[in-house]
Amino acid sequence: MPENNIPRKCFTMIDLFAGAGGLSHGFRMAGFLPIFAVEFDKDAAESYRANNPGTEVFIDDIHKVISFGCFKADIIIGGPPCQGFSPLGKMSTQDARRDEHQLMNSLCMEFLRAVREVRPSAFVMENVPEFLRSAEFDLFGRLVRAEGYDIRFGVLKAEEFGVPQRRRRGFTVGILNGLSSLPQPTGEIATVREAIGDLPLEPGGSDPLHIARNPTQKSLERYSQIPPGGNRFDLMKARPDICPRCWLEKKTGSTDVFGRLEWDKPALTIRTEFFKPEKGRYLHPQADRPITHREAARLQTFPDTYVFKGSKIEIAKQIGNAVPPKLAYYVALHVKHLLEIETPVMPRLEVEYSSLSAEK
């Protein structure tokens with residue numbers, strides 16, 4: 001994946017719910033130029049701005065965007081934090097019809113508003129896999145098809161696109177007056193070793209993101225008992241005397257807690273609290289410590305040149321919440337191909353916007 005040379009011919013794009021810009025970064029590398037972005041979180045928005053100079057960034061609630069229509073973009077991308085996997089998303093179709101006004105107020109409907117006002121040639125919406133089975137997504141799909149977009153949706157596995165991390169995300173690709181499709185896996189497999197094997201085992205030095213915590217002696221003892229690929233159950237067998245009491249009383253549960261990564265496999269999903277081993281499989285493959293912010297960023301495929309703004313906790317959130325840029329890059333290449341080929345014109349579908357019939 002190229003890192004710093006954007007091709008001369010670019011498609012323009014709008015990024016909604018942009019975060020720190022992981023999705024945009026992948027699209028930039030594939031030849032898309034961001035002209036407008038919306039992000040509510042100030043630190044994440046400043047990170048986005050730092051990496052996308054010249055892009056207008058709206059730092060506030062997306063509902064306060066008066067109109068998207070003044071921006072003429074080829075594509076809209078984004079990951080609305082919809083609640084389709086909440087109890088609302090699990091309601092029956094009949095119940096969902098009664099509560100449609102709630103669905104119309106969801107953030108994914110702001111994504112739809114932008115699509116209606118801009119009418120881009122394509123859009124890409126990203127979310128958790130559960131969202132694709134929600135009432136919100138069902139309604140979104142019906143309404144966006146009525147605008148003339150053919151959509152395809154499904155779950156993409158980051159590790160099947162050269163990302164050194166097992167991560168599942170739901171993607172929806174819409175093409176205006178054409179035929180849509182999802183990208184196929186590249187077959188490239190990347191490992192933890194390839195991503196972070198060259199970084200010093202002992203954090204420090206000039207890299208502000210390759211920093212270590214200050215664990216207690218007991219924590220260090222606990223870390224030392226976990227083999228590569230192991231977890232808290234290995235500690236419970238080897239040293240029950242230094243285990244938290246709650247672990248000893250609960251002999252079943254997650255196998256990721258206090259887990260150690262393995263050099264020659266992809267990491268598991270990097271979330272926002274990767275610096276806490278008690279939250280998942282975040283111990284370094286070799287060193288007795290959790291992974292650093294730099295290591296997490298690399299496992300997410302951010303280049304070392306990427307700028308993050310905010311406190312270390314805020315930066316961790318930005319890293320953990322991001323779409324891996326390398327996954328975004330391959331999605332972007334696929335969409336670029338769809339935009340550059342001639343496709344049959346799809347008829348505009350007429351549906352009742354008040355009806356509700358609702359995939360990654």
Side-chain angles (χ1 to χ4, degrees), residues 20 22 43-44 47 158-159 163-167 190-248 250 253-304 306 308 310-322 324:
D43 289 323
S47 293
E159 68 273 18
V163 177
Q165 176 192 169
R166 299 188 184 280
R167 193 183 190 97
T191 66
V192 171
R193 188 187 303 277
E194 292 172 299
I196 68 172
D198 63 315
L199 292 173
L201 290 180
E202 294 298 324
S206 60
D207 187 342
L209 293 188
H210 195 47
I211 53 176
R213 299 179 74 192
N214 294 309
T216 65
Q217 184 59 39
K218 180 174 286 188
S219 291
L220 290 172
E221 290 181 48
R222 289 171 175 169
Y223 300 163
S224 69
Q225 299 300 313
I226 311 297
N231 53 46
R232 69 181 179 93
F233 295 108
D234 293 283
L235 174 59
M236 291 165 63
K237 291 177 183 177
R239 292 288 307 276
D241 57 306
I242 58 173
C243 287
R245 184 174 180 178
C246 60
W247 289 6
L248 298 175
K250 185 179 181 181
S254 173
T255 58
D256 291 339
V257 172
F258 243 70
R260 189 182 290 278
L261 297 171
E262 297 178 81
W263 276 125
D264 298 315
K265 293 182 179 181
L268 297 192
T269 304
I270 301 301
R271 297 187 174 90
T272 59
E273 293 187 296
F274 55 79
F275 50 90
K276 297 180 179 180
E278 63 272 22
K279 297 291 186 177
R281 190 174 296 276
Y282 300 134
L283 287 176
H284 187 275
Q286 184 175 343
D288 289 332
R289 58 171 175 79
I291 57 175
T292 66
H293 286 56
R294 172 60 64 212
E295 289 163 339
R298 284 204 184 178
L299 292 171
Q300 278 279 62
T301 66
F302 280 103
D304 288 356
Y306 206 84
F308 292 99
S311 68
K312 292 301 184 292
I313 290 178
E314 291 302 318
I315 290 174
K317 290 179 182 177
Q318 294 170 35
I319 293 171
N321 284 330

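Everything numeric here is computed off the predicted structure, so don't read it as measured data.
- In this view, Thr216 and Ser219 satisfy the side chain to side chain donor-acceptor pair (under 3.5 Å) rule, not counting sequence neighbours.
- The line from CG of Asp288 to CD of Gln225 is 9.0 Å long, rounded to the nearest 0.5 Å.
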Derivation of the side-chain contact (heavy atoms from CB on, under 4.5 Å) call for Arg298 and Asp304: CA-CA 7 Å; Arg298 284 204 184 178; Asp304 288 356; 2.7 Å; yes
Could you pull out all donor-acceptor pairs under 3.5 Å where a side-chain atom in residues 268-277 meets a protein atom, sequence neighbours excluded?
residue: Thr269; atom: OG1; partner: Arg166; partner atom: O; Å: 2.7
residue: Glu273; atom: OE2; partner: Lys276; partner atom: NZ; Å: 3.0

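- When the side chain to side chain donor-acceptor pair (under 3.5 Å) test is applied to Asn214, no partner is found at least two apart in sequence or on another chain.
- Within the structure, ring pair (Phe, Tyr, Trp, His ring centres under 6.0 Å) contacts touching residues 191-217 (residues at least two apart or in different chains) do not occur.
- Residues passing the ring-ring contact (aromatic ring centres under 6.0 Å, His included) test with Tyr223 are Phe258, sequence neighbours excluded.
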Steps toward side-chain contact (heavy atoms from CB on, under 4.5 Å) verdict (Leu235, Ile242): CA-CA 8 Å; Leu235 174 59; Ile242 58 173; 3.9 Å; yes
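- For the atom pair CD of Glu194 and CG of Asp264, the computed distance is 8.5 Å after rounding to the nearest 0.5 Å.
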CA sep, side-chain torsions, deciding dist, call: His284, Leu199, side-chain contact (heavy atoms from CB on, under 4.5 Å): CA-CA 11 Å; His284 187 275; Leu199 292 173; over 6 Å; no
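- Here Pro228 pairs with Arg260, Glu262 under the side chain to side chain contact (heavy atoms under 4.5 Å, CB included) rule; sequence neighbours left out.
- Every residue two or more places apart in sequence or in another chain that forms a side chain to side chain donor-acceptor pair (under 3.5 Å) with Gln165 is listed here: Arg167, Gln300.
- Closest approach of Pro266 to Val192, counting heavy atoms only: C-CG2, 3.9 Å.
- How far CZ of Arg294 is from OH of Tyr306: 12.5 Å, rounded to the nearest 0.5 Å.
- Closest approach of Gly22 to Ala322, counting heavy atoms only: CA-CB, 4.5 Å.
- Annotation: salt bridge (Lys or Arg N to Asp or Glu O under 4.0 Å) contacts of Asp234 (sequence neighbours excluded): none.
- Between Leu209 and Asp207, the closest heavy-atom pair is N-OD1, 2.9 Å.
- Scanning both residues, Leu261 and Leu299, for their nearest heavy atoms gives CD1-CD1, 4.3 Å.
- Taking both residues in full, the closest heavy atoms of Ala20 and Phe308 are given as CB-CE2, 4.3 Å, listed atom of the first, atom of the second, then distance.
- The salt bridge (charged side-chain N to carboxylate O under 4.0 Å, His left out) contacts involving residues 212-229 comprise Glu221-Arg239, where partners must be two or more places apart or lie in separate chains.
- Once rounded to the nearest 0.5 Å, the distance linking CG of Leu283 with CD of Glu278 reads 9.5 Å.
- With respect to Lys317 and Glu314, a salt bridge is recorded, a charged nitrogen being found less than 4.0 Å from a carboxylate O.
- Taking all atoms of both residues into account, the shortest heavy-atom contact from Ile196 to Pro285 is CD1-CD, 4.4 Å.
- Under the side chain to side chain contact (heavy atoms under 4.5 Å, CB included) criterion, Ser206 pairs with no residue at all, not counting sequence neighbours.
- Interatomic distance, CG of Leu220 versus CZ of Arg289, reported as 12.0 Å (0.5 Å rounding).
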